[in-house]
Amino acid sequence: MQSLDLSMMPTNDTAIIFEDKMMVMDNLGNTQKANPDEVNSFMNRFPLKLSSSCMLIVIKGEVKFSVNFRDFVAGDNTCAIISAGTIVEHVAVDDEAKLIFLSFSHKELPSTASIRQSNVHRLYALQVVLLHLLPVQVELMKTTHHMLRVILTDTAFNEKKEQAAFNCINLLGSIIEQGTSNQPEVSSKTSRKDEIVAHFLQCVHDNYREHRDLGFYADQLCLSLKYMSHVVYEQTGRHPSRWIKDYVILDAKTMLRSGRYTVQQVADELNFPNQSFFGKYFKEAVGISPKKWK
């Protein structure tokens with residue numbers, strides 16, 4: 001699987017990579033526009049599976065991106081938290097956008113747990129949380145981000161660098177936690193149907209490579225196939241088979257685009273009986289053969 005990891009990040013002075021634990025990048029002091037060739041080279045790698053949790057803080061401008069079949073737009077004073085394991089299909093950044101981007105390989109923000117209790121995030125597991133921040137919160141995040149950059153680059157912090165850096169991360173998490181108070185109120189109660197959808201999506205995420213039959217998922221949820229299908233469609237607007245197919249196809253697209261797998265290898269990875277069966281499945285969903293997509 002082609003993954004977006006720290007080794008793929010730019011190595012210019014806007015990005016700081018600390019071992020394999022975190023990456024910090026911004027364009028706040030950059031007055032020059034990005035080199036189109038560099039941008040195109042990076043964009044051509046999509047779709048990509050994120051191997052780390054990411055945080056995008058858009059201070060000004062607009063960033064459009066697609067994650068796990070859904071389109072998102074982050075505008076002024078917006079913080080987007082994107083979980084590890086998601087697949088990003090494309091990203092478009094406004095020429096005038098000012099933003100901060102952080103990536104965490106082995107440690108996610110500790111205080112995002114309560115954010116994930118929102119109905120939207122619970123129903124669409126492993127996707128995106130978008131939070132609108134107050135101007136004062138954005139300024140606090142900019143200041144904390146600056147402190148983090150200093151800690152990661154100043155030799156004075158060498159002995160306690162990791163501890164100091166994660167103290168900054170905790171502070172960012174606290175600011176984000178406060179940001180949840182700016183969001184529209186969400187019911188703290190979880191309905192039975194919410195729970196069914198959440199369990200179904202998690203089960204699909206864990207098993208879609210081995211199991212594409214709906215009966216397997218109904219058995220896992222201890223529900224009748226008819227009732228499970230009704231609830232998932234009612235709550236998400238998608239039939240369960242569509243959810244499963246989208247996971248399979250997005251994985252297939254990612255592996256094919258990476259150039260690291262043959263069509264036969266992709267079919268094997270996704271547990272299709274043979275390449276021909278996989279080809280028909282892929283073409284039915286995408287409209288072209290796996291070879292043409294590759």
Side-chain angles (χ1 to χ4, degrees), residues 47 49-50 53-54 56 64-75 78-90 108-109 111-132 176-177 179-254 270-271 281-282 284-286:
K49 177 173 282 189
L50 296 183
S53 296
C54 301
L56 172 68
K64 297 179 180 179
F65 54 98
S66 177
V67 173
N68 286 11
F69 339 120
R70 302 184 70 206
D71 294 326
F72 298 88
V73 179
T78 299
C79 176
I81 301 170
I82 309 173
S83 302
T86 57
I87 294 179
V88 180
E89 293 188 82
H90 69 263
E108 63 182 16
L109 290 175
S111 58
T112 58
S114 64
I115 295 172
R116 291 181 178 165
Q117 297 307 308
S118 71
N119 284 342
V120 172
H121 196 65
R122 184 168 55 245
L123 290 179
Y124 300 100
L126 296 175
Q127 290 200 355
V128 177
V129 174
L130 282 180
L131 297 172
H132 181 72
I176 291 173
E177 195 76 18
T180 60
S181 63
N182 309 325
Q183 315 312 310
E185 288 191 13
V186 178
S187 172
S188 60
K189 295 182 179 180
T190 304
S191 72
R192 171 60 178 157
K193 290 182 178 180
D194 285 346
E195 292 176 352
I196 289 173
V197 173
H199 291 160
F200 169 74
L201 291 176
Q202 187 61 55
C203 194
V204 172
H205 179 268
D206 294 340
N207 297 282
Y208 68 92
R209 286 195 172 198
E210 288 77 27
H211 298 281
R212 289 183 286 276
D213 54 303
L214 293 181
F216 169 83
Y217 295 97
D219 289 343
Q220 294 297 305
L221 272 62
C222 300
L223 299 171
S224 71
L225 177 56
K226 182 177 180 180
Y227 184 67
M228 181 193 74
S229 299
H230 170 74
V231 171
V232 172
Y233 184 79
E234 180 185 60
Q235 296 296 101
T236 70
R238 281 177 155 189
H239 193 271
S241 60
R242 173 68 185 277
W243 278 104
I244 298 167
K245 177 170 283 190
D246 279 346
Y247 269 91
V248 173
I249 292 300
L250 203 51
D251 237 8
K253 285 181 176 180
T254 308
L270 295 174
N271 286 288
Y281 186 94
F282 187 91
E284 181 182 284
V286 181

J.: Looking only at heavy atoms, what is the nearest atom pair of L130 and A80, with distance?
T.: CD2-CB, 3.4 Å
J.: Closest heavy-atom contact between T236 and V232?
T.: OG1-O, 2.7 Å
J.: Applying side chain to side chain contact (heavy atoms under 4.5 Å, CB included), run through V197 and K193 and close with a yes or a no.
T.: CA-CA 6 Å; V197 173; K193 290 182 178 180; 5.6 Å; no
J.: Counting C-beta onward and ignoring hydrogens, is there a side-chain heavy-atom pair between F216 and E210 closer than 4.5 Å?
T.: no
J.: Are Q220 and N207 side-chain neighbours, meaning at least one heavy-atom pair lies under 4.5 Å?
T.: no
J.: For a quick test of reading the model, state the closest non-hydrogen atom pair linking K245 to Y281 and the distance between them.
T.: CA-OH, 3.4 Å
J.: Supply the atom-to-atom distance L201 CG to I244 CD1, rounded to the nearest 0.5 angstrom.
T.: 10.0 Å
J.: Using a 4.5 Å cut-off on heavy atoms from C-beta on, say whether the side chain of Y208 contacts that of D251.
T.: yes
J.: Should we say atom OH of Y233 is surrounded by more than 12 heavy atoms from elsewhere, each under 6.0 Å from it?
T.: no
J.: Hey, could you give me the CD/NE2 distance between Q202 and H205, rounded to the nearest 0.5 Å?
T.: 6.5 Å
J.: Can you check whether H239 reaches L214 side chain to side chain, under 4.5 Å on heavy atoms?
T.: yes
J.: Check the orientation of Y217 and F200. Use parallel for under 30°, tilted for 30 to 60°, and perpendicular for over 60°.
T.: perpendicular
J.: Can you tell me how far the CG atom of L56 sits from the OG1 atom of T78, to the nearest 0.5 Å?
T.: 9.0 Å
J.: CZ/F282 to CG/L270 distance, rounded to the nearest 0.5 angstrom?
T.: 10.5 Å
J.: CD/E195 to CG/L221 distance, rounded to the nearest 0.5 angstrom?
T.: 11.0 Å
J.: Please report the interatomic distance CG(D219) to CE(M228), rounded to the nearest 0.5 Å.
T.: 9.0 Å
J.: Can you find a pair of side-chain heavy atoms, one from Q235 and one from D194, that are under 4.5 Å apart?
T.: yes
